[in-house]
Amino acid sequence: MTHRHPLRRLAALPAAALLALTATGCGSGGSDTPAAADSGSGGTLVVGATGTLPNTDTVIGGAGFEGKRLVSFQLYEGLTRYDLTQGDAPPEITGALATSWEVADDDTTWTFTLRDGVTFHDGTPFDADAVIFNLDRYLDEESDYYTDALGAAAGEYAGGIADYRKLDDGRVELVTAEPNGHFPEDLAHVLIASPTAIRETGTEDFARQPVGTGPFSFASQREGQEIELVANERYWAGAPKLDRLIVRAIPDAAARTAALRSGDVNWIEYPNPDDIESLTAEGASVVTNSYDHLWYWILDTSQGPWSDPRVRRAANYAVDREAIAEQLLHGTADPAHQAAPRATFAYDEANDTYTYEPDRARRLLAEAGYEDGFETSVTVPTGGSGNLLPVPITEAIQRDLAAVGIDVEIRTTDWSTLISAEAEGEVALGSDAIAQSTTLFQSEALLPLFIGGDSPFWTGHYSNERVDELLASASADTDPERRRSDYREALSLVTRDAPWLFVVNDRNPRALAPEVRGLVQPQSWFIDLTTVWVSS
């Protein structure tokens, strides 16, 4: 049974908690929850998520990075993981089910030394055979446990693996088709499940009783709506402080706030910015930090007005992104003046380009032959992973664009429909643009899918040969400074070409009840829940 702790007024809080709330407030990078340094453990964390929950079968997911953050990465691990213990820099990759790795002189042959003594939630041992079994399931169509859905999902991160084999019980060799400088990061997303459990249930039923090695193990679920996990007492890095973790799908922002206020949940993802001041006054802690996020429109560059880069640049100069960040989103986002998100190693302040200049926008439109403006349309999700307040943001952009003569029809759909169509190379509702959020450098393997010339995703038909060359060069290079240089040049070209409408970078706000302790807010989509506990 979940214990309900409605938010209390500030006057009812202990003096120490009042001091902590005053010190943290909303917006300090890497801020911890009140009394984060206190020792303690136990309790049930109940999280209100912004969208439906993912399919629990390893890589299939389907609920964006929020689903991976709150569910998949709690149940499973890859050979590597993100180090989410700090809040002052983008996370590095460290060992998870592997303790170390090295790449041969050919830059394609990788040897991973596996962590000894790890067990799956069902008590069976993790070893090299388990790695090979899971790779077969993702990559070998002859495997009894392979499905097209698994293959497609795994292809985003494991598709470049050309060969793999067991060297001994504690080592595996993975060979990539091409040199891949971000291969260790990719493997954080290639999740390893219990071969014993999969053999017992079969792939078709495995999601009903998922078994991994992660910090939490499966207890129960209402598919797509609620999942309950319990602490993995045998977790190799030490048992989580929490006893239980419950994640609930609450897509409506007002409903999430109401659930926090009533005590039905004690943590909500992305509180409505309009509610932050009152939530803080009622005792909640609202924490934020920059991370690798961009909220933007993908424009159809293949036809009509959007095919002209002057029109695309005009639209970018027409948007008052500072007003959106500060007035609409109340400081929970930063204005995005370029393609590279602020909290990434590829961000260069010198590439900040688009400021609010409506007169300049009108001049560019006139140069392009659209002095009388034009009509266009955009498909917008009503919510979902990292999408902030998608409809109100789009309505603000609609007003800004109308002021320079661009009349926008807004068409709404749900997040799953939008990204499913996009993955098929299509636009839900047939619009001229898509509004959405994404990560670019938190997961480098995805970058060519968004700005690459031969992407299978709908990218607005954007293509720049030099961008493709730079992405290929950066991807293959293991030297971080050369990769940074290539990525910065690539993103500066994307900024110049303006295939997107760059709007804001989210600061990842979440609101926590006073009894939730121990959170470190990282510069990441993902989060370490093993340090969190809930006081009684």
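Sequential numbering from 1 along the given sequence is applied to the chain's residues. Since the structure is predicted, the reported quantities are computational estimates derived from the model, not experimental observations.
With 3.5 Å as the limit, one finds a donor-acceptor pair spanning the side chains of Ser290 and Arg507. Using a 3.5 Å distance cut-off with no hydrogens or angles, the side chains of Thr58 and Tyr138 do pair a donor with an acceptor. Judged purely by distance below 3.5 Å, without hydrogens or angles, the side chains of Thr439 and Asp292 pair a donor atom with an acceptor atom. When only modelled atom types and interatomic distance are considered, Asp506 and Tyr291 share a side-chain donor-acceptor pair under 3.5 Å. Side chains of Tyr296 and Gln436: a donor on one and an acceptor on the other come within 3.5 Å. In this structure, a donor-acceptor pair under 3.5 Å is absent between the side chains of Asp275 and Ser278. Counted by atom type alone, Asp414 and Thr417 present one or more donor-acceptor pairs between their side chains at under 3.5 Å. Checked by atom type, the side-chain pair His182/Ser475 shows a donor-acceptor distance below 3.5 Å. Glu515 and Trp533 form no side-chain donor-acceptor contact under 3.5 Å, judged by distance and modelled atom types alone. Between His330 and Asp274, the side chains place a donor N or O and an acceptor N or O closer than 3.5 Å (distance only, hydrogens not considered). For the residue pair Glu66 and Thr50, a side-chain donor N or O sits within less than 3.5 Å of a side-chain acceptor on the partner. Side-chain contact of Thr201 with Arg208: a donor-acceptor pair under 3.5 Å is absent, judged by distance alone.
With rounding to the nearest 0.5 Å, the separation of OG1 in Thr80 from OH in Tyr82 is 8.0 Å. To the nearest 0.5 angstrom, Asn505 atom CG is 6.0 Å from Arg342 atom CZ. Note that CD of Gln74 and CZ of Phe526 are 11.0 Å apart. Values are rounded to the nearest 0.5 Å. Between atom CZ of residue Phe216 and atom CG of residue Asn232 there is a gap of 9.0 Å, rounded to the nearest 0.5 Å. Between the CD atom of Glu173 and the CG atom of Leu167 there is a distance of 5.5 Å, given to the nearest 0.5 Å. Atom OH of residue Tyr270 and atom CZ of residue Arg256 lie 9.0 Å apart, to the nearest 0.5 angstrom.
A donor-acceptor distance shorter than 3.5 angstrom exists from the side chain of Thr531 to the backbone of Gly518, with no hydrogens or angles considered. Looking only at distances, no side-chain donor or acceptor of Trp267 sits under 3.5 Å from a matching main-chain atom of Val516. Formation of a donor-acceptor pair under 3.5 Å by the Thr124 side chain with backbone atoms of Phe120 is not found in this model. Judged by distance alone, with hydrogens and angles left aside, the side-chain atoms of Asn289 form a donor-acceptor pair with the main-chain N or O of Gly87 at under 3.5 Å. Counting only distance, with no hydrogens or angles, the side chain of Gln86 and the backbone of Gln523 share no donor-acceptor pair below 3.5 Å. Side chain of Asp107 to backbone of Pro179: no donor-acceptor contact under 3.5 angstrom is found. Remark: side-chain polar atoms of Thr56 are paired, donor with acceptor, to backbone N or O of Ala207 under 3.5 angstrom. A side-chain donor-acceptor contact under 3.5 Å links Ser437 to the backbone of Gly386. Side chain of Arg244 to main chain of Leu45: no donor-acceptor pair is present (N/O by atom type, distance under 3.5 Å, no hydrogens or angles). No donor-acceptor pair under 3.5 Å is formed between the side chain of His121 and the backbone N or O of Val211.
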For this session: Check step by step if side chain to side chain donor-acceptor pair (under 3.5 Å) holds for Thr109 and Asp106.
Result: CA-CA 7 Å; Thr109 303; Asp106 64 4; 2.7 Å; yes

For this session: Begin with the C-alpha distance, continue with both residues' side-chain angles, and end with the deciding distance and a verdict on side-chain contact (heavy atoms from CB on, under 4.5 Å) for Trp525 and His293.
Result: CA-CA 8 Å; Trp525 286 76; His293 173 279; 3.7 Å; yes

For this session: Might you work through the side-chain contact (heavy atoms from CB on, under 4.5 Å) test for Leu471 and Leu447, ending with a clear yes or no?
Result: CA-CA 8 Å; Leu471 292 182; Leu447 190 56; 3.5 Å; yes

For this session: Could you give me the CA-CA distance, side-chain angles and deciding distance for Arg248 and Val46, then say whether side-chain contact (heavy atoms from CB on, under 4.5 Å) is met?
Result: CA-CA 7 Å; Arg248 292 179 182 158; Val46 187; 3.9 Å; yes

Exercise. After noting the C-alpha distance and the side-chain angles of Thr111 and Arg171, does the key distance pass the side chain to side chain donor-acceptor pair (under 3.5 Å) rule?
Worked result: CA-CA 7 Å; Thr111 300; Arg171 293 183 306 150; 5.7 Å; no

Exercise. What do the steps show when you test Leu174 against Trp101 for side-chain contact (heavy atoms from CB on, under 4.5 Å), and what is the final call?
Worked result: CA-CA 10 Å; Leu174 309 182; Trp101 50 89; over 6 Å; no

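Between Ser217 and Leu75, the shortest heavy-atom distance links the atoms C-CD2, 4.0 Å. Residues Leu260 and Asn266 approach most closely at CD1-C, 3.7 Å, considering heavy atoms. Nearest heavy atoms, Gly51 versus Ala249: O-CB, 3.1 Å. Nearest heavy atoms, Gly283 versus Pro514: O-CG, 3.1 Å. Pairing each heavy atom of Leu139 with each of Ala158, the nearest pair is CD2-O, 3.7 Å. Closest heavy-atom contact between Val287 and Ser285: CG1-OG, 3.8 Å.
Contact annotation: the side chain of Val47 never approaches that of Ile268 to less than 4.5 Å [non-hydrogen atoms, C-beta and beyond]. Counting only heavy atoms from C-beta outward, the side chains of Tyr164 and Val131 never approach each other to under 4.5 Å. Side-chain contact between Val190 and Leu135 is present, with heavy atoms from C-beta onward closer than 4.5 Å. Contact check for Glu228 versus Phe218: no side-chain heavy atoms found under the 4.5 Å cut-off. With a 4.5 Å cut-off on side-chain heavy atoms, Ile60 and Pro54 do not count as touching. Contact annotation: the side chain of Tyr76 never approaches that of Asn134 to less than 4.5 Å [non-hydrogen atoms, C-beta and beyond]. When side chains are defined from C-beta on, His189 does not count as touching Val59, because their heavy atoms never get closer than 4.5 Å. Contact annotation: the side chain of Val230 never approaches that of Asp243 to less than 4.5 Å [non-hydrogen atoms, C-beta and beyond].
A salt bridge is defined here as a Lys NZ or Arg NE, NH1 or NH2 lying under 4.0 Å from an Asp or Glu carboxylate O, and Lys166 with Asp169 meets this definition. By the 4.0 Å N-to-carboxylate-O rule, Asp477 lies close enough to Arg482 to be salt-bridged with it. Contact check on Arg484 versus Asp479 returns no salt bridge, with no Lys/Arg side-chain nitrogen under 4.0 Å from an Asp/Glu carboxylate oxygen. Using a 4.0 Å cut-off between charged side-chain N and carboxylate O, Glu444 and Arg483 make a salt bridge. At a threshold of 4.0 Å, the pair Glu269-Arg69 counts as salt-bridged, since one of the basic side-chain nitrogens sits closer than that to a carboxylate oxygen.
Shown here is Asp116, whose CG atom has no more than 12 heavy atoms of other residues, nucleotides or ligands within 6.0 Å.
Classified by interplanar angle (parallel below 30°, tilted 30° to 60°, perpendicular above 60°), the ring pair Phe345/Tyr487 is perpendicular.
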